[in-house]
Amino acid sequence: MASKGVYHMAFRGLKTIPRILPRTKLPAQLPQSQLAFRRFFASVPQEQPRLRLGSIAPNFKALTTTGEIDFHEFIGNSWTILFSHPADFTPVCTTELGAFAKMKHEFDKRGVKMIGLSANDIGSHGEWIKDINEVASTNVQFPIIADADRKVAFLYDMIDQQDLDNIDQKGIAFTIRSVFIIDPNKKIRLTMMYPASTGRNSAEVLRVIDSLQTGDKKGVTTPIDWQVGDDVIVPPSVSTEDAKKKFGEVREVKPYLRYTKI
């Protein structure tokens, strides 16, 4: 039997998946769930995208709560947040979806689309949204991808190694909590990975978008805990003289650490 870690290596883009899968007949006593997972694993493309920052977000087609989408067409010329959840009708996921739904107007102001993903079918999503709206006193308007077979989850590496080793009764691993911030050029600008037990900080997602958009527009970087209105940092590639011409006042703490206002 393949050793632990083999699955993880395979999903990192190795071209040898057929070689690392067992060549021998699987034992008759192997649980049906593991048999199902192995069949699914064998069908995964041998070339998995490398989801580096700056790489193009993999495209896919999927059914969502607002209809079928082509992901790149959905992004269009907008910033987009793709965030995944382990399952419908679970406590942490319900609080998260409610929080994101309540912040929709903030994301709209920044020209950001939201799209969720949960590893259940479309019928389940529809019923779960009713609970989210009731619990959070909100109205979920963004689409939620139905990913019961985890195809998008595997494409975006939203899988915990522990869940690969201990797959669920359906023979498929649960998804973790992932966040992908994607720019209008379809490039991945930020990723966040959370275990299933830990809820995200929605305000941090918004803060990062503010930082990325400010940096792109103004040619600056942002320090730790930066918020809109705080001083920004002049990049090392810009001389102090040029920074003064561009921004006006420049406060030099060290030759390599210079603050300015925008």
Point to revise | N-O pairing of E241 and K245 below 4.0 Å | key: yes

Check your understanding: Hey, quick one: are Y259 and Y256 part of the same hydrophobic cluster, counting side-chain heavy atoms closer than 4.5 Å, chains of contacts allowed?
Key -> yes

Check your understanding: Do the side chain of D147 and the main chain of A119 share a donor and acceptor less than 3.5 angstrom apart?
Key -> no

Check your understanding: Do side-chain atoms of D183 reach the backbone of K187 as a donor and acceptor pair under 3.5 angstrom?
Key -> yes

Practice item. Without swapping roles, check the side chain of E252 against the backbone of L257 for a donor-acceptor pair under 3.5 Å. Key: no

Practice item. Determine yes or no for a side-chain-to-main-chain donor-acceptor pair under 3.5 angstrom, with K102 supplying the side chain and A136 the backbone. Key: yes

Exercise for review: Answer with yes or no whether the hydrophobic clustering places I144 together with I115; edges join I, L, V, M, F, W, Y residues whose side-chain heavy atoms lie under 4.5 Å apart.
Suggested key: no

Exercise for review: Indicate the atoms forming the closest heavy-atom contact of I145 with A62, along with that distance.
Suggested key: CG2-CB, 3.8 Å

Practice item. Return yes if some donor-acceptor pair links the side-chain N/O of K261 with the main-chain N/O of G248 below 3.5 Å, else return no. Key: no

Point to revise | Nearest heavy-atom neighbours spanning A243 and V234 | key: CB-CG1, 3.7 Å

**Study point:** Reported CD1-to-OG distance for the pair I81 and S202, which is rounded to 0.5 angstrom
**Key:** 10.0 Å

Check your understanding: So, does T214 use its side chain to make a donor-acceptor pair with the main chain of S211 at under 3.5 Å?
Key -> no

Point to revise | Check: K104 and N139 side chains under 4.5 Å, non-hydrogen atoms | key: no

Review point. What are the two closest non-hydrogen atoms of M193 and S178, and how far apart are they?
Key: SD-OG, 3.0 Å

Check your understanding: Which residues pass the ring pair (Phe, Tyr, Trp, His ring centres under 6.0 Å) test with F142, sequence neighbours left out?
Key -> F83

**Study point:** Side chain to side chain, L155 and F60, heavy atoms closer than 4.5 Å
**Key:** yes

Check your understanding: To the nearest 0.5 Å, how far apart are OG1 in T240 and CZ in F247?
Key -> 11.5 Å

Revision key, fill the gap. Rounding to 0.5 Å, atoms CE (M103) and OG1 (T138) come to a distance of 11.5 Å

Check your understanding: If you measure from CZ on R110 to CG on L212, what distance do you get to the nearest 0.5 Å?
Key -> 12.0 Å

Check your understanding: What is the minimum heavy-atom distance between I56 and N185, and which atoms define it?
Key -> CD1-O, 3.6 Å

Review point. Does K113 count as lying over the ring of F74, i.e. NZ or CZ under 6.0 Å from the six-ring centre, within 45 degrees of the axis?
Key: yes

**Study point:** Sub-4.5 Å side-chain heavy-atom contact between P86 and S118
**Key:** no

Exercise for review: Could you walk me through whether T191 and L53 pass side-chain contact (heavy atoms from CB on, under 4.5 Å), step by step?
Suggested key: CA-CA 8 Å; T191 64; L53 297 185; 4.2 Å; yes

Review point. So, N133 side chain and S137 main chain: donor-acceptor pair closer than 3.5 Å or not?
Key: no

Exercise for review: Look at the side chain of R258 and the backbone N and O of K254, then say whether any donor-acceptor pair between them is shorter than 3.5 Å.
Suggested key: no

Practice item. Run through I182, I209, D216 and flag the one making a side-chain contact (heavy atoms from CB on, under 4.5 Å) with R189. Key: D216

Review point. Are T64 and T66 linked by a side-chain donor-acceptor pair shorter than 3.5 Å?
Key: yes

**Study point:** H125 side chain to D88 side chain, donor-acceptor N/O pair below 3.5 angstrom
**Key:** yes

Check your understanding: Are V179 and Y156 connected in a single hydrophobic cluster, I mean Ile/Leu/Val/Met/Phe/Trp/Tyr linked by side-chain heavy atoms less than 4.5 Å apart?
Key -> no

Review point. Under 4.5 Å between side-chain heavy atoms, hopping through other hydrophobics if needed: is there a path connecting F100 to L117?
Key: no

Exercise for review: Can you see which heavy atom on E96 is nearest to which on R177, and at what distance?
Suggested key: OE1-NH1, 3.1 Å

Practice item. Please answer whether the main-chain N or O of P195 pairs with a side-chain N or O of T198 as donor and acceptor at a distance below 3.5 Å. Key: no

**Study point:** Atom CD of E134 with >12 non-hydrogen neighbours under 6.0 angstrom
**Key:** no

**Study point:** I69 side chain reached by E73 side chain, heavy atoms, under 4.5 Å
**Key:** no

Review point. Honestly curious: do M158 and M192 fall in one hydrophobic cluster under the side-chain, below-4.5 Å linking rule?
Key: no

Exercise for review: Could you walk me through whether S239 and D242 pass side chain to side chain donor-acceptor pair (under 3.5 Å), step by step?
Suggested key: CA-CA 5 Å; S239 69; D242 288 342; 3.2 Å; yes

Check your understanding: Between H85 and W128, what is the ring plane arrangement, given parallel below 30°, perpendicular above 60°, and tilted in between?
Key -> perpendicular

Exercise for review: Report yes if some heavy atom in the side chain of V112 is under 4.5 Å from a heavy atom in the side chain of Q213; otherwise report no.
Suggested key: yes

Review point. Rounded to the nearest 0.5 Å, how far does CG of D230 lie from CD1 of I262?
Key: 10.0 Å

Check your understanding: Is there a side-chain contact (heavy atoms from CB on, under 4.5 Å) between L190 and F180 once you walk through the steps?
Key -> CA-CA 6 Å; L190 178 132; F180 294 88; over 6 Å; no

Point to revise | Backbone N/O of K218 and side chain of K246: donor-acceptor pair under 3.5 Å | key: yes

Point to revise | Close side-chain approach of N201 to R207, heavy-atom, < 4.5 Å | key: no

Practice item. Go through the steps for F71 and L82 under the test side-chain contact (heavy atoms from CB on, under 4.5 Å), then give the verdict. Key: CA-CA 10 Å; F71 188 50; L82 168 64; 4.3 Å; yes

Review point. Mind checking whether F107 and V205 have side chains closer than 4.5 Å, heavy atoms only?
Key: yes

Check your understanding: Stepwise, does the side-chain contact (heavy atoms from CB on, under 4.5 Å) test hold for T65 with I122?
Key -> CA-CA 6 Å; T65 50; I122 202 69; 3.9 Å; yes

Exercise for review: Mind listing the closest non-hydrogen atom pair of T90 and C93 along with its distance?
Suggested key: OG1-SG, 3.1 Å

Check your understanding: Among side-chain atoms of T260 and R251, is any donor-acceptor pair under 3.5 angstrom?
Key -> no

